[in-house]
Amino acid sequence: MNKFKVALLQTDVCDDKEKNIENAVRLIERVSKEGADIAVLPEMFCCPYNSSLFRAYGENEGGAAYTAMSKAAKDCGIYVVAGTIPELKDNKVYNTSYVFNRNGIQIAKHRKMHLFDIDIEGGQYFKESDTLTSGGDVTLFDTEFCRIGLAICYDIRFPELSRLMAAEGAEVIIYPGAFNMTTGPAHWELSFRARALDNQVYTIGVAPARDLEAMYHSYGNSIVASPWGNVLSRMDEKEGYIIQEIDLDYVKKIRNELPLLKHIRKDIYKLLKSK
Ligand SMILES: O=C(O)CCC(=O)C(=O)O
């Protein structure tokens, strides 16, 4: 099985958690009927992207959003990368992505590792660390197709993380994300292309649709970049979805023709996990 289809669900996110969940389920059902194998939701798909709201919209593992995503995966027989959900645990809040297999069983969980604390003059300010706690694990999961790496938005800016995932066998890396109107136009596509090119993987980014009434303006532009570094699919800012075929033979072809990963000089430098 060298090919599979991934659906990027660029959802509208409103201030009603239940409506956001229903909307996600509706789109999962739709893309599963169109033959998608994996459905990917955006970062904070059930919660407005606003630090002060994460706790109020949060839930323990097994809460309403979690359960609905697991059920949708099982009902539709599709993998669901459940964007991210604010996860409550021991009085902390994490920005967490869960993955469910075709039976609705959780097979992976990534807590955002790099918190998005930025202050760009005349542009975007955001401080996730006001309310969020960072995760500490590199996350990969296996499907019948290939091994897939999972990270969240700002995590893409740290090339060591994607290189670790490629070294551990990832051929695809998925990033639920939500860049903004300052950094999105400047760095979103570039980051997805760069991580894809460096590691000779497919990179997939899924963002919420843009809502100009919201406090945070998502850039949208959900994207798939190829192991050659070009863009295969890219949306605009509106709600919708795309289904992109992923060809794993192409990963092998690129890695054979331009063997970057074999040419790493491990005798001179090494990337080490510190735990
Ligand atoms: O890295 C960026 O510019 C945006 C990151 C972001 O929005 C996030 O991590 O949620």
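In this chain, numbering begins with 1 at the start of the sequence shown. Start at 1 and go down the list; that is how both ligands and their atoms are numbered.
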**Q** Sort out for me which residue in Thr84, Asp137, Asp155, Thr96 forms a side-chain hydrogen bond (donor to acceptor under 3.5 Å, both in side chains) with His110.
**A**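 Answer to the side-chain hydrogen bond (donor to acceptor under 3.5 Å, both in side chains) test with His110 among Thr84, Asp137, Asp155, Thr96: Asp155.
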**Q** Would you mind reporting whether Phe116 and Ile118 have side-chain heavy atoms less than 4.5 Å apart?
**A**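 Counting from C-beta outward, Ile118 and Phe116 do come under 4.5 Å.
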**Q** Just which atoms of ligand 1 are under 4.0 Å from any heavy atom in Ala178?
**A**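 Counting from 1, the qualifying ligand atoms are 6 (C), 7 (O).
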**Q** If we only count heavy atoms from C-beta on, is the Gln10 to Tyr241 side-chain gap below 4.5 Å?
**A**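 They are not in contact (no side-chain heavy atoms under 4.5 Å apart), so the answer is no.
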**Q** Mind checking whether Gln124 contacts ligand 1 via backbone (N, CA, C, O), side chain (CB onward), both or neither, at a 4.0 Å heavy-atom cut-off?
**A**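 None of Gln124 does.
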**Q** Does at least one non-hydrogen atom of Phe126 fall below 4.0 angstrom from an atom of ligand 1?
**A**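 It does not; every heavy atom stays at 4.0 Å or beyond.
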**Q** Checking the N or O distance criterion of under 3.5 Å, is ligand 1 in contact with Cys153?
**A**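 No; every N/O pair is 3.5 Å or more apart.
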**Q** With a 4.0 Å cut-off on heavy atoms, is Glu43 touching ligand 1?
**A**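 In this structure, Glu43 qualifies as a contact of ligand 1 - some heavy atom is under 4.0 Å.
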**Q** What's the spacing between Phe179 CZ and Ile223 CD1 if we round to 0.5 Å?
**A**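 Between atom CZ of Phe179 and atom CD1 of Ile223 there are 10.5 Å.
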**Q** Is His114 near ligand 1, meaning one of its heavy atoms is under 4.0 Å from it?
**A**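 Under 4.0 Å: no for His114.
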**Q** Could you pull out, from Tyr49, Trp188, Phe116, the option with a heavy atom nearest to atom 4 (C) of ligand 1?
**A**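 Selected option, by shortest heavy-atom distance: Phe116.
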**Q** Would Tyr66 and Glu87 count as having a side-chain donor-acceptor pair, cut-off 3.5 Å?
**A**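 No, no side-chain donor-acceptor contact under 3.5 Å.
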**Q** May I ask whether Tyr216 places a heavy atom under 4.0 Å from ligand 1?
**A**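 In this structure, Tyr216 qualifies as a contact of ligand 1 - some heavy atom is under 4.0 Å.
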**Q** Give a yes or no on whether the ring-centroid distance for Tyr49 and Phe126 is below 6.0 angstrom.
**A**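 Yes: the rings meet the under 6.0 Å criterion.
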